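Quick notes on the structure that follows.
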Amino acid sequence: DRFIVFLDSHEPAKLEKALVKAEKLAQQVESKDGSVYVVTSAEGIDLLRLGETQHEGRILHMSEQYPHLKFVACSNTLYLFKQRGELVALVDDTEIAPSAVQFVVEHMRDGWRYIAI
């Protein structure tokens, strides 16, 4: 009952699909003491970027409604933005992983289920 929803695209349909999947999983694991992480990397980080995302209110509401649902941004991706001179502000309560790939691999080794969007 532990899931990672991985997103590396900013296509609107994929952003929507990731949020719908995350919410369904959060509802599914709520009574089972499970967890869901939405891990963003590359272009997928736009889901969590203030000024880019159209989903800030929805993400904040989901985070409040489902305490076991977390949103994670890749530090490597943020570093690439910084290298280009772009400062990135993220939706409140976004966690930052040093590397999205490393985060996913470590959790999968611990038995988490992986869903790529």
Side-chain angles (χ1 to χ4, degrees):
D1 295 320
R2 299 174 302 165
F3 297 91
I4 291 175
V5 177
F6 182 78
L7 178 67
D8 64 358
S9 168
H10 62 198
E11 292 177 37
K14 289 191 175 189
L15 298 177
E16 177 67 22
K17 185 176 180 180
L19 290 174
V20 167
K21 187 68 171 176
E23 187 163 30
K24 285 181 181 175
L25 290 169
Q27 291 168 350
Q28 176 184 322
V29 304
E30 189 171 25
S31 63
K32 301 174 185 174
D33 200 30
S35 295
V36 178
Y37 283 113
V38 177
V39 179
T40 62
S41 181
E43 294 175 344
I45 211 158
D46 284 353
L47 177 68
L48 304 173
R49 285 181 66 195
L50 297 178
E52 293 292 325
T53 186
Q54 298 177 7
H55 303 286
E56 178 185 8
R58 183 174 177 189
I59 290 167
L60 292 171
H61 175 75
M62 288 169 64
S63 294
E64 189 176 294
Q65 187 171 3
Y66 306 106
H68 52 282
L69 171 61
K70 306 288 184 200
F71 291 86
V72 179
C74 175
S75 181
N76 288 341
T77 301
L78 295 173
Y79 179 75
L80 293 175
F81 279 103
K82 186 177 180 183
Q83 291 294 96
R84 294 192 304 242
E86 295 181 54
L87 295 179
V88 176
L90 300 172
V91 173
D92 284 348
D93 297 330
T94 298
E95 296 181 13
I96 298 177
S99 159
V101 172
Q102 180 182 348
F103 184 92
V104 169
V105 169
E106 287 174 1
H107 283 74
M108 287 179 67
R109 284 184 184 144
D110 288 337
W112 290 61
R113 292 174 47 195
Y114 173 79
I115 300 164
I117 302 293

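As the structure is a prediction and not an experimental result, all values here were calculated from the model.
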* Residue among Phe71, Trp112, Phe3 satisfying ring pair (Phe, Tyr, Trp, His ring centres under 6.0 Å) with Tyr37 ->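 Only one option passes, and that is Trp112.
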Taking all atoms of both residues into account, what is the closest heavy-atom pair of [X] and [Y], and its distance?
{"X": "Leu69", "Y": "Ala22", "result": "CD1-CB, 4.1 Å"}
{"X": "Lys21", "Y": "Val5", "result": "CG-CG2, 4.4 Å"}
{"X": "Ala100", "Y": "Ser41", "result": "CB-CB, 3.7 Å"}
{"X": "Ala42", "Y": "Thr77", "result": "N-OG1, 3.0 Å"}
{"X": "Ala73", "Y": "Leu90", "result": "CB-CD1, 3.9 Å"}
{"X": "Ala18", "Y": "Leu7", "result": "CB-CD2, 4.1 Å"}

Under 4.5 Å between side-chain heavy atoms, counting indirect links through other Ile/Leu/Val/Met/Phe/Trp/Tyr residues: same cluster for [X] and [Y] or not?
{"X": "Ile115", "Y": "Met62", "result": "yes"}
{"X": "Ile4", "Y": "Val20", "result": "no"}
{"X": "Ile96", "Y": "Val88", "result": "yes"}
{"X": "Ile45", "Y": "Leu19", "result": "yes"}
{"X": "Phe81", "Y": "Tyr79", "result": "no"}

* Asked: So among His61, Glu30, Gln27, which one has a side chain to side chain donor-acceptor pair (under 3.5 Å) with Tyr66?
  ->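 So the option named by the test is Gln27.
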* **Ala26 backbone acceptor or donor facing His68 side chain under 3.5 Å** =>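 Yes; at least one donor-acceptor contact below 3.5 Å.
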* **Working for side-chain contact (heavy atoms from CB on, under 4.5 Å), residues His55 and Glu16** => CA-CA 9 Å; His55 303 286; Glu16 177 67 22; 3.9 Å; yes
* Asked: In this structure, are over 12 heavy atoms from other groups packed under 6.0 Å from Arg113 atom CZ?
  -> no
Calculate, to the nearest 0.5 Å, the distance between atoms [atom1] and [atom2] belonging to [X] and [Y] respectively.
{"X": "Glu64", "Y": "Asp92", "atom1": "CD", "atom2": "CG", "answer": "11.5 Å"}
{"X": "Leu15", "Y": "Ser9", "atom1": "CG", "atom2": "OG", "answer": "6.5 Å"}
{"X": "Leu78", "Y": "Leu87", "atom1": "CG", "atom2": "CG", "answer": "10.5 Å"}

* To do: Compare all side-chain heavy atoms of Thr40 with those of Asp8 and state whether any distance is below 4.5 angstrom.
  => no
* **Derivation and outcome, side-chain contact (heavy atoms from CB on, under 4.5 Å), residues Leu47 and Ile59** => CA-CA 9 Å; Leu47 177 68; Ile59 290 167; 4.0 Å; yes
* Asked: Going by an N to O cut-off under 4.0 Å, is there a salt bridge joining Glu86 and Arg49?
  ->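 Yes, charged N to carboxylate O under 4.0 Å.
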* To do: Could you walk me through whether Leu50 and Val91 pass side-chain contact (heavy atoms from CB on, under 4.5 Å), step by step?
  => CA-CA 6 Å; Leu50 297 178; Val91 173; 4.0 Å; yes
* Evaluation steps, side-chain contact (heavy atoms from CB on, under 4.5 Å), between Asp33 and Asp1 -> CA-CA 8 Å; Asp33 200 30; Asp1 295 320; over 6 Å; no
